**Student:** 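The structure that follows is given in the form of structure tokens.
A quick note: this is a predicted structure, and the numbers were derived from the prediction, not measured.
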Amino acid sequence: MSFLAIQHLHKSFGGLHAVNDVSFALAAGEIKALIGPNGAGKTTLLNLLSGNILPDAGEVIFLGKPIQGLKPFQIARRGMARTFQNIKLFPEMTALENVMVGRHMRSRSGVWSGAGNLPWTWKEEAGIRRKSLELMEFMGIAEHAGTEAASLAFGQQRAVEFARALALEPDLLLLDEPAAGLNIYETAELAKLIRKVRDRGITILLVEHDMSLVMDISDSIVVLSFGRRIAEGNPLEIQNNPEVIQIYLGEDDA
């Protein structure tokens with residue numbers, strides 16, 4: 001049984017086939033990259049997996065159960081978390097509070113128990129805060145816990161979003177261009193961090209344009225072009241695939 005199996009997934013917007021009969025599988029503990037030129041359908045595919053949009057056809061099997069058609073919060077509760085190409089934080093909340101939002105998905109407290117100010121809710125809230133601070137320490141941003149998200153530098157905001165996704169304790173983490181806007185040193189640190197996340201037992205599906213990062217950390221790579229899967233293999237196989245060289249990487253990069 002595959003950890004994640006995508007089978008003949010299709011999504012059209014009018015006459016545009018954004019994702020066109022795409023199939024591939026993801027093994028537990030794997031770092032798989034999803035690459036392709038702009039408009040290839042990469043982010044659309046992540047949106048289909050996370051429930052942000054519904055597929056027109058096809059099936060997504062996650063941990064042995066179909067998830068297509070479920071709402072994003074239902075998919076998140078099953079163990080799939082994601083970050084976004086455009087950072088989506090609550091700007092007026094502190095960095096710590098943003099991370100705690102992700103952790104609340106695993107809490108037992110609801111509106112009524114919280115409003116009742118019951119003793120066990122205090123204990124759970126303290127645990128959420130403690131765990132969120134641990135994740136911020138893991139990300140190297142604990143010193144910014146009390147800072148409003150809007151006041152953080154871009155790289156720090158990206159780290160907060162990453163920590164919020166990890167707060168869910170996901171089995172699968174979807175990363176949508178995590179290196180976007182980062183300099184070469186921050187990208188090198190990101191590579192180390194992604195490996196550390198995988199070492200925590202989290203499987204990763206990565207959409208990324210930084211080919212140095214992709215080739216450095218990926219176990220396998222899927223290449224999309226105009227919504228279709230045109231190649232799949234390990235980094236060396238992808239680097240030497242003639243169709244990938246022609247359509248995506250370009251002759252000079254080859």
**Student:** Got more than 12 heavy atoms from elsewhere within 6.0 Å of CZ, Arg198?
**Tutor:**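 Yes, enclosed.
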**Student:** So do Met136 and Val99 actually touch side chain to side chain, heavy atoms under 4.5 Å?
**Tutor:**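 Val99 vs Met136: side chains touch.
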**Student:** Could Lys71 and Phe73 be counted as a cation-pi pair, given that NZ or CZ must be under 6.0 Å from the ring centre and within 45° of the axis?
**Tutor:**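 No, Lys71 does not lie over the aromatic ring of Phe73.
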**Student:** So do the side chains of Leu205 and Leu173 get within less than 4.5 Å of each other, counting heavy atoms only?
**Tutor:**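 Leu205 does not reach Leu173 side chain to side chain.
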**Student:** Output yes when a side-chain donor or acceptor of Asn241 lies under 3.5 Å from a complementary backbone atom of Glu237, and no otherwise.
**Tutor:**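 Not a single qualifying donor-acceptor pair exists.
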**Student:** Answer yes if the side chains of Glu30 and Ser220 hold a donor-acceptor pair under 3.5 Å, and no otherwise.
**Tutor:**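 Yes, because at least one side-chain N or O of Glu30 sits under 3.5 Å from a partner of the opposite role on Ser220.
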**Student:** Does atom CZ of Phe90 have more than 12 heavy-atom neighbours, drawn from other residues, nucleotides or ligands, at distances under 6.0 Å?
**Tutor:**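 It does not: Phe90 CZ has 12 such atoms or fewer within range.
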**Student:** Please report the interatomic distance CZ(Arg195) to CD1(Ile31), rounded to the nearest 0.5 Å.
**Tutor:**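 Atom-to-atom, Arg195:CZ and Ile31:CD1 are 7.0 Å apart.
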**Student:** Indicate whether the side chain of Thr44 and that of Lys11 have a donor and an acceptor atom separated by less than 3.5 Å.
**Tutor:**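 No.
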**Student:** How long is the straight-line distance from CG of Leu174 back to CE of Met80, given to the nearest 0.5 Å?
**Tutor:**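 Taking CE in Met80 and CG in Leu174, the distance rounds to 5.5 Å.
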**Student:** Please tell me whether Ser50 and Arg82 have a donor and an acceptor in their side chains that are separated by less than 3.5 angstrom.
**Tutor:**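 Arg82 and Ser50 do have a side-chain donor-acceptor pair below 3.5 Å.
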**Student:** Just checking, any donor-acceptor pair under 3.5 angstrom between side chains of Asp21 and His8?
**Tutor:**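 A pair is found: one side chain offers a donor N or O, the other an acceptor, under 3.5 Å apart.
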**Student:** With no hydrogens and no angle check, is any side-chain donor or acceptor of Glu148 less than 3.5 Å from a backbone partner on Met93?
**Tutor:**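 Such a contact is absent between Glu148 side chain and Met93 backbone.
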**Student:** Does the side chain of Thr43 come under 3.5 Å of the side chain of Asp176 through a donor N or O and an acceptor N or O?
**Tutor:**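 Note: Thr43 and Asp176 side chains meet the donor-acceptor criterion.
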**Student:** Taking all non-hydrogen atoms of both residues, which atom of Ala145 and which atom of Leu133 are closest, and how far apart?
**Tutor:**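 Taking every non-hydrogen atom into account, CB-CD2, 3.9 Å.
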**Student:** Report, as yes or no, whether the 6.0 Å neighbourhood of atom CZ on Phe138 holds more than 12 heavy atoms from other residues, nucleotides or ligands.
**Tutor:**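 Correct, the count exceeds 12.
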**Student:** Nearest 0.5 Å, please: how far is CD1 in Ile217 from CG in Leu190?
**Tutor:**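 Here the rounded value is 6.5 Å.
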**Student:** Between Arg158 and Phe162, is NZ or CZ placed under 6.0 angstrom from the six-membered ring centre and within 45° of the ring axis?
**Tutor:**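 No, Arg158 does not lie over the aromatic ring of Phe162.
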**Student:** Find out whether Arg78 and Ile67 are in side-chain contact, i.e. whether some heavy atom of one side chain is under 4.5 Å from a heavy atom of the other.
**Tutor:**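 In short, these two side chains touch, coming nearer than 4.5 Å.
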**Student:** Do other residues, nucleotides or ligands put more than 12 heavy atoms under 6.0 Å from Gln74 CD?
**Tutor:**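 Buried by this count: over 12 neighbours within 6.0 Å.
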**Student:** About how many Å separate CD1 of Ile230 and CD of Glu243, when rounded to the nearest 0.5 Å?
**Tutor:**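 Reported value, rounded in 0.5 Å steps: 4.5 Å.
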**Student:** Looking only at non-hydrogen atoms, find the nearest pair between Leu175 and Thr83 and report the distance.
**Tutor:**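 Heavy-atom minimum between the residues: CA-OG1, 3.5 Å.
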**Student:** Start with the C-alpha distance between Lys42 and Glu208, add both sets of side-chain angles, then the distance that settles salt bridge (charged side-chain N to carboxylate O under 4.0 Å, His left out), and finish with yes or no.
**Tutor:** CA-CA 9 Å; Lys42 305 180 299 296; Glu208 185 54 62; over 6 Å; no
**Student:** How far apart are the closest heavy atoms of Leu193 and Met139, and which atoms are they?
**Tutor:**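 For Leu193 versus Met139, the nearest heavy atoms are CD2-CE, 3.1 Å.
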